[in-house]
Amino acid sequence: MPELVLVLKKDDIEKMVASVAHRISSDYKDRELVLIGVLKGAFVFLSDLARHLTIPVKIDFVNASSYGSDTTSSGEIHLSREIDIDVKDKDVLIVEDIVDTGLTLTYLIDYLKSLNPRSVKVCALIDKHERRKTKCNLDYSCHEVDKGFLVGYGLDYSEDYRHLPDIYHLKL
Ligand code: 5GP
């Protein structure tokens with residue numbers, strides 16, 4: 001049986017999300033902000049983040065994946081959903097669940113920059129640095145870990161555990 005070790009409790013996650021939403025609301029005041037959630041893992045984070053913002057935003061999603069049912073990155077990014085909203089001259093904020101190697105994020109930044117937005121920045125729930133392969137700047141991040149495979153709060157392992165309100169380290 002896989003073991004779940006608690007990493008972040010629901011209440012702590014909520015405080016982190018509220019605090020980062022406060023910074024974003026202040027930084028993007030009077031700007032046209034579009035949040036781009038990265039499916040599927042960021043859906044819970046994005047919905048909480050959006051509800052803590054005090055500025056109007058538009059919301060769209062991309063579906064990018066580099067993981068199959070394994071816990072290690074294949075290194076190959078597959079974009080199965082592109083955005084519908086026109087982001088030309090708008091401020092774009094990518095909302096990502098976890099940045100691990102950084103390959104997904106680098107790919108998404110290049111994709112979104114090709115659509116001529118005013119700016120592209122990144123907000124990640126978890127910054128997991130040990131296996132980082134690309135130099136990518138996380139403008140906003142809620143929590144940092146060195147390593148470990150995390151589940152819960154939208155994060156899955158083979159589509160399980162996304163519904164859990166807390167975040168756990170999954171030990172297989
Ligand atoms: P990267 O391209 O940075 O290596 O990986 C980014 C994507 O891999 C994340 O959006 C996420 O979907 C997945 N990922 C990376 N680390 C974890 C983890 O610890 N748990 C889960 N559930 N997914 C992860």
Side-chain angles (χ1 to χ4, degrees), residues 1-24 35-53 59-81 92-112 120-172:
M1 263 306 261
E3 190 192 349
L4 293 178
V5 179
L6 185 66
V7 174
L8 285 171
K9 280 179 88 75
K10 178 175 169 256
D11 293 352
D12 297 324
I13 299 170
E14 181 170 5
K15 281 181 203 142
M16 289 169 188
V17 174
S19 157
V20 93
H22 181 74
R23 283 177 53 209
I24 293 168
L35 304 180
I36 307 287
V38 186
L39 294 171
K40 297 177 191 171
F43 82 102
V44 179
F45 176 42
L46 184 138
S47 65
D48 281 348
L49 182 74
R51 285 176 293 174
H52 277 289
L53 293 174
I59 297 174
D60 206 339
F61 292 93
V62 287
N63 195 338
S65 46
S66 63
Y67 283 79
S69 56
D70 205 350
T71 56
T72 51
S73 174
S74 66
E76 239 175 76
I77 315 301
H78 174 62
L79 196 63
S80 60
R81 188 192 191 280
V92 166
L93 185 62
I94 301 174
V95 180
E96 174 66 299
D97 53 0
I98 297 195
V99 180
D100 184 10
T101 62
L103 293 170
T104 307
L105 192 57
T106 303
Y107 180 93
L108 288 175
I109 290 172
D110 287 348
Y111 159 65
L112 289 163
V120 178
K121 290 196 174 178
V122 178
C123 175
L125 175 67
I126 310 274
D127 177 1
K128 186 163 80 172
H129 19 87
E130 194 187 62
R131 297 178 342 114
R132 194 64 44 83
K133 285 190 182 142
T134 60
K135 220 175 149 220
C136 46
N137 182 40
L138 306 190
D139 303 279
Y140 306 93
S141 80
C142 293
H143 187 69
E144 293 186 13
V145 296
D146 282 337
K147 53 187 171 187
F149 194 81
L150 305 182
V151 295
Y153 196 71
L155 304 167
D156 77 311
Y157 174 65
S158 286
E159 298 301 331
D160 287 324
Y161 309 112
R162 287 195 202 277
H163 64 290
L164 299 175
D166 305 313
I167 294 178
Y168 298 87
H169 181 185
L170 180 74
K171 297 197 163 173
L172 295 168

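Keep in mind that the numbers below use all heavy atoms, side chains included, and drop hydrogens, waters and symmetry copies.
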Taking the side chain as every heavy atom from C-beta outward, state whether [X] and [Y] have any atom pair closer than 4.5 Å.
| X | Y | value |
| --- | --- | --- |
| Tyr161 | Pro2 | yes |
| Arg132 | Val99 | yes |
| Glu96 | Val62 | no |
| Val151 | Asp160 | no |
| Tyr168 | Val7 | no |

Residue from [options] passing side-chain contact (heavy atoms from CB on, under 4.5 Å) with [X]:
| X | options | answer |
| --- | --- | --- |
| Tyr153 | Ile126, Asp48, Asp166 | Asp48 |
| Asp12 | Lys9, Lys10, Glu14 | Lys9 |
| Leu93 | Val120, Ile36, Leu112, Ile24 | Ile24 |

Say you draw a straight line from [atom1] of [X] to [atom2] of [Y]; how long is it, rounded to the nearest 0.5 Å?
| X | Y | atom1 | atom2 | answer |
| --- | --- | --- | --- | --- |
| Ile167 | Phe45 | CD1 | CZ | 9.5 Å |
| Asp127 | Leu138 | CG | CG | 4.5 Å |
| Tyr157 | Leu172 | OH | CG | 4.5 Å |
| Lys135 | Thr106 | NZ | OG1 | 11.5 Å |
| Leu79 | Thr104 | CG | OG1 | 10.5 Å |
| Leu35 | Ile94 | CG | CD1 | 11.5 Å |

Looking at every non-hydrogen atom in both residues, tell me the closest pair between Gly102 and Cys136 and how far apart they are.
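Where Gly102 meets Cys136 most closely, the heavy atoms are CA-SG, 4.0 Å.
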
*Evaluate the side-chain contact (heavy atoms from CB on, under 4.5 Å) criterion for residues Leu164 and Leu4: first the C-alpha distance (whole Å), next the side-chain angles of each, then the deciding distance (0.1 Å), finally the verdict.*
CA-CA 11 Å; Leu164 299 175; Leu4 293 178; 4.1 Å; yes

**OP:** Evaluate the criterion salt bridge (charged side-chain N to carboxylate O under 4.0 Å, His left out) for residue pair Lys128 and Asp97; output intermediate values, then yes/no.
**Re:** CA-CA 10 Å; Lys128 186 163 80 172; Asp97 53 0; over 6 Å; no

Checklist entry - So with a 6.0 Å cut-off around NE2 of His129, is the heavy-atom count from everything else above 12? => result yes

Give a yes or no on whether the backbone of [Y] and the side-chain of [X] come within a donor-acceptor separation of less than 3.5 Å.
| X | Y | result |
| --- | --- | --- |
| Arg162 | Gly152 | no |
| Asp139 | Val122 | yes |
| Ser47 | Phe43 | yes |

Dump the intermediate steps for side-chain contact (heavy atoms from CB on, under 4.5 Å) on Leu150 and Leu8, then the final yes or no.
-> CA-CA 10 Å; Leu150 305 182; Leu8 285 171; over 6 Å; no

